[in-house]
Structure formats: C-alpha cells, structure tokens
Amino acid sequence: MFFAVCAIALLCWMSAVSHSAPPACEDLVRPLDQLDPHHLEGKWALVAGSLSHPPHLEKFKKRDSASVNFSTNDTYISYTRSIRLDNKCQYNTYNISLEGSSFSYDGTDKSNFSANLVHTTCQDCLLMRFNVESGKRLHFYLFSRRRELEQSEVEEFRAQVECLKIPPPVVMDPTKELCPEETAGDPAAKTEEKTEGQKD
Ligand SMILES: *[C@@H]1O[C@H](CO)[C@@H](O)[C@H](O)[C@H]1NC(C)=O
Ligand SMILES: *[C@@H]1O[C@H](CO)[C@@H](O)[C@H](O)[C@H]1NC(C)=O
Ligand SMILES: *[C@@H]1O[C@H](CO)[C@@H](O)[C@H](O)[C@H]1NC(C)=O
Ligand SMILES: *[C@@H]1O[C@H](CO)[C@@H](O)[C@H](O)[C@H]1NC(C)=O
C-alpha cells in the first residue's frame, strides 16, 4: 500500500516536472531546419559569443566589434568577416557551400572545419556554431541585424551556451563602431591570414 502511494506520487511529480521544465537542450540547440540563402544576405553584427577553449575566449574578448557580410547569387555564397581590434579592421573573405543549414568551406576538409546555423527564436538573428579541429573546439556566435538584443533574447543564448557546456557568453559592447565596408585597393586594411581557425 505504502509502496503504491509512493509510486503514484512519484509519477505525478515526474509529470509535473516535465510540464514545467524549460525547453530541453536538444530542442534549444537544434540545427536550423531550413534556410533560404537570401535570408543570409547583407551585414550582421556580432552581439555575443562563447568559445570552448579559454585561451581563444580571452583573445575573443579583446575584439571591439565584429560583423559578417554575406553575398549570394544563384551559384555561390561568400561572406566577409570583419573584426575591429586595437582600432584596426581585419577582413577575410570565404566561399562556402550550403547543405541544409550547414556550411562547408571551399578548399577546407569538412571534417576539420565546418559551421552550422542553430535555431533561435530571435527573428533577426543568425546563430552560428563553428566546429573547429574536427569538433574538438566549439565557437558559438550570435549575430543580429541589431547591435543590442532584448534581455530575453540574451537569456535564450545563455541557456543555449549552457547546453553546450562552454563558458558563459561574452556580450559585445554595442557602442563600439563596426568596421566599414572593405574598400578595394586598400592593402593596409587587409590581412591575408588564412590559416585554419581564422574563419570564425
Ligand atoms: C556569382 O558569384 C561568383 C563569385 O563572386 C561570380 O564569379 C559569378 O559570376 C556569379 N554568378 C552569377 C550568375 O552572378
Ligand atoms: C571565391 O570564389 C570566387 C569565384 O570562384 C573566386 O574568384 C575567389 O577567389 C574565391 N575566394 C576565396 C577567398 O576563396
Ligand atoms: C584535416 O585534419 C587532418 C588530420 O588532423 C589533416 O591531415 C589535414 O591536413 C587537415 N586538413 C586541412 C584542410 O586542414
Ligand atoms: C556586403 O557585400 C556586398 C557584396 O560584396 C556589398 O555590395 C555590400 O555593400 C556590402 N554591405 C555592407 C553593409 O558592407
């Protein structure tokens, strides 16, 4: 009798918990299921990010701002990443292929470096997960058309970061200027670093 009551109480408790529980991690960090490449087009500001490895995270914190600008046509997708650091802008351009919501980088072994878009409830955001060194390192970046997000949107990102078991996110300072569009014929503004792990 005592056992039966306990079992029923436990069942009730379990169903109460599952109803009130926040979204499960598998749901929070699920890949974006569909993507219209044209949605990517244009400029996105980095609003927050987290990286699995502390030394990379420390380097990341030194950035004043960062943005990506995607261009697409019927055949190709490319993007230029700009990072403002110590009042200088660095630009790198990458050609990518899209498979569903995953990116592979032209000329790079897909198993070493890839990225995919992750679902987010933020409408004008782009949430990118980079899998570096065959997935040993994880970089997770939230971009938006806006420079600053609502508190609830930042909270969702924090929960996603927690699910991935990486350090708490660094939120970018929205008052720091983004890099201007890269101007052709300004070699001083361009860096040619194209080593592995520099894509993100
Ligand atoms: C698409 O973009 C690529 C790379 O920028 C370019 O070489 C190609 O001509 C473009 N194709 C069309 C159909 O515009
Ligand atoms: C991207 O692809 C275009 C067209 O094939 C090519 O001209 C350009 O050099 C490529 N850029 C990079 C960074 O690989
Ligand atoms: C990918 O990783 C393998 C083994 O770690 C290495 O041999 C290969 O050169 C790497 N490829 C690229 C494109 O970095
Ligand atoms: C983004 O890149 C495209 C193609 O290179 C360029 O035409 C456009 O002006 C850029 N936009 C911004 C905001 O930098």
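Note that ligands are numbered from 1 as they come in the structure, with each ligand's atoms numbered from 1 the same way. Hydrogens, waters and symmetry mates play no part in the numbers below; they use all other heavy atoms, side chains included. Quick caveat: nothing in here was measured; it's all calculated off a predicted structure. In what follows, residues are counted from 1 in the order of the sequence shown.
For the residue pair S134/S111, the side-chain donor-acceptor check at 3.5 Å is not satisfied. A side-chain donor from one of E156 and T121 sits under 3.5 Å from a side-chain acceptor of the other.
Polar contact check, N69 against ligand 4: a nitrogen or oxygen pair lies under 3.5 Å apart. In terms of N/O distances under 3.5 Å, ligand 2 is not approached by Y94.
Closest protein heavy atom to atom 4 (C) of ligand 4: S71 OG, 3.6 Å. Of the protein's non-hydrogen atoms, the one nearest atom 6 (C) of ligand 4 is E181 OE2, 3.6 Å.
Between Y105 and Y94, the ring planes are perpendicular. Angles over 60° get that label, and only those under 30° would be called parallel. Ring pair F113/F130 is tilted by interplanar angle, where 30° to 60° counts as tilted.
Both the sub-6.0 Å distance and the 45° axial angle are satisfied by R63 relative to the ring of Y141.
The heavy atom nearest to atom 12 (C) of ligand 2, out of those in T93, D106, N95, is found in N95.
Close contacts between ligand 4 and K43 involve ligand atoms 13 (C) [criterion: under 4.0 Å to a heavy atom].
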